[in-house]
Amino acid sequence: MIRNPTPGSIALYTALVVALLVGGLTAFIQASWMEALALFTITAVFSFIFFYYALEIFIYRKIKLIYKNIHRLKTTRYKSSVFKKANMTSDPISEVNQEVILWAKDQNAEIEELKKLENFRKEFLGNVSHELKTPIFNIQGYIHTLIDGAIDDPEVNVHFLKKAAKSVDRLCDLVEDLINISQLETGQLKMEMERFDIHAQVRDIFESLEMKAQERGITFNFKEGCDQPFFVYADKYRIRQVLVNLLVNSIKYGNDDGHTFCAFYDMDENILVEISDNGEGIEENHLARLFERFYRVDKSRSREAGGNGLGLAIVKHIIEAHGQTINVRSKTGAGTTFGFTLKKGAGE
Ligand code: ADP
């Protein structure tokens, strides 16, 4: 009947119905058309005024209040200009309905997001406790064994102390990585940008990791055409952290007597840096989650190699803090390539 009722239209239709009834009744009883018409007009006018104000005061204003409250809640929460001003159109009921539907949708999405975060938090806490537990229990075991008498046994005392020291180092690395992650995630770490030669930096890291690589017979090399300066504009210290992480991983997960290559590609505004190895590779189904905190393909191999599953998460955070991207390609049995971009250093 009335598709989008307003207080005015509802009052008008109701007044007309009442007036028709009164007028019709008068015409029927008095048989006077003039009187019936007069009564119809007076009833119509007065009932319209009465119904209009009753609706306006008792219903419309209250709806308007609900509308304004919802609107205020939304705008204060999102501080966004996408929500239009709290002026109602001539169709307040469907407008309120629309607002309530949208509001409920927002609330649902927010609840889902909070649930996800809560799960994430629980999972993170579980992972951290688990990672802390192993070195702490090891240290506890060695110290108690030493106190219980092993300290006087020259055959084992130094060995146990060295083992305890190794676990302490592992604990320190874990705490250091956790601090790093939390600072990167909360945006506390400001990148100290400068122009530098990333080729010289990689050569430097090759040298510092040489001993570690030699233990497994792995060689480091630049790809053809890449053994020359490439200037980038980035945080030198943080990029060193990224490169060390990727190169150490290429040793940890590479094959004995394998090869690790570093390549640079000029991409107009950026330089693409690639670190590739011919190691064990990673199965396709793991690739999407590889940069998640604590995600490890082969947990025992990672632990054996002293990993805690935070390295690639830190790497990704650092590259993203530069406004750049990192990706991984891998083939099981053939090897893995990590590639990330950095802004080209101007003034070469
Ligand atoms: P971790 O401390 O375990 O090395 P990372 O975050 O550095 O943690 O790496 C996450 C996982 O990704 C590793 O546990 C390993 O399974 C896999 N991975 C990383 N780099 C390589 C690589 N070059 N080759 C094969 N697997 C790799």
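Counting starts at 1 for both ligands and their atoms, in listed order.
- Only the side chain of Asp277 comes within 4.0 Å of ligand 1, counting heavy atoms alone; its backbone N, CA, C and O stay farther away.
- The shortest separation from a heavy atom of Asn308 to ligand 1 is under 4.0 Å, placing the residue in contact.
- Side-chain rings of Phe261 and Phe220 stay apart, their centers remaining 6.0 Å or farther from each other.
- For atom 14 (O) of ligand 1, the choice among Arg296, Glu280, Arg293 with the nearest heavy atom turns out to be Arg296.
- Between Tyr233 and Phe196, the ring centre distance reaches or exceeds 6.0 Å.
- Under a 4.0 Å N-O distance rule, the pair Lys190/Asp235 does not qualify as a salt bridge.
- Here the heavy atom of the protein found nearest to atom 12 (O) of ligand 1 is Leu290 CD1, 3.4 Å.
- Using a 4.0 Å cut-off between a side-chain N of Lys or Arg and a carboxylate O of Asp or Glu, Glu110 and Lys105 do not qualify as a salt bridge.
- At the shortest separation from atom 3 (O) of ligand 1 among protein heavy atoms lies Ser302 OG, 2.5 Å.
- Residue contacts with ligand 1, taken as heavy atom pairs separated by less than 4.0 Å, involve Thr336 solely via side-chain atoms from C-beta onward.
- If you number the atoms of ligand 1 from 1 as listed, the ones under 4.0 Å from a heavy atom of Leu312 come out as 5 (P), 6 (O), 7 (O), 9 (O), 10 (C), 12 (O), 19 (C).
- For Lys344 (side chain) and Asp268 (main-chain N/O), a donor-acceptor pair under 3.5 Å exists by modelled atom type.
- Asn278 and Asn255 are not linked by any side-chain donor-acceptor pair at a separation below 3.5 angstrom, with hydrogens and angles left out of the test.
- Considering backbone and side-chain atoms alike, Val297 places an N or O below 3.5 Å from some N or O of ligand 1.
- In terms of protein heavy atoms, atom 19 (C) of ligand 1 is closest to Asn249 ND2, 3.5 Å.
- Under 4.0 Å from ligand 1, the heavy atoms of Lys252 that appear belong solely to its side chain.
- Scanning the protein heavy atoms around atom 21 (C) of ligand 1, the nearest turns out to be Tyr253 CD1, 3.5 Å.
- Taking every heavy atom of Asp298 and a limit of under 4.0 angstrom, the matching atoms of ligand 1 come to 16 (O).
- Looking only at atom types and distance, the side chain of His317 has a donor-acceptor partner in the side chain of Glu185 under 3.5 Å away.
- Per-residue contacts place Phe338 under 4.0 angstrom from the following atoms of ligand 1 (heavy atoms of the residue considered): 20 (N), 23 (N).
- Between Arg121 and Glu118, at least one side-chain N (NZ, or NE/NH1/NH2) sits under 4.0 Å from a carboxylate O, which counts as a salt bridge.
- Near Tyr295, the atoms of ligand 1 lying under 4.0 angstrom from a non-hydrogen atom of the residue are 10 (C), 11 (C).
- Ion pairing of Lys116 with Glu112 is absent here, as no side-chain N (NZ or NE/NH1/NH2) approaches a carboxylate O to less than 4.0 Å.
- Using a cutoff of 4.0 Å between basic side-chain nitrogens and carboxylate oxygens, Glu215 and Lys212 are not scored as salt-bridged.
- Gly309 CA, 3.2 Å is the protein heavy atom nearest to atom 8 (O) of ligand 1.
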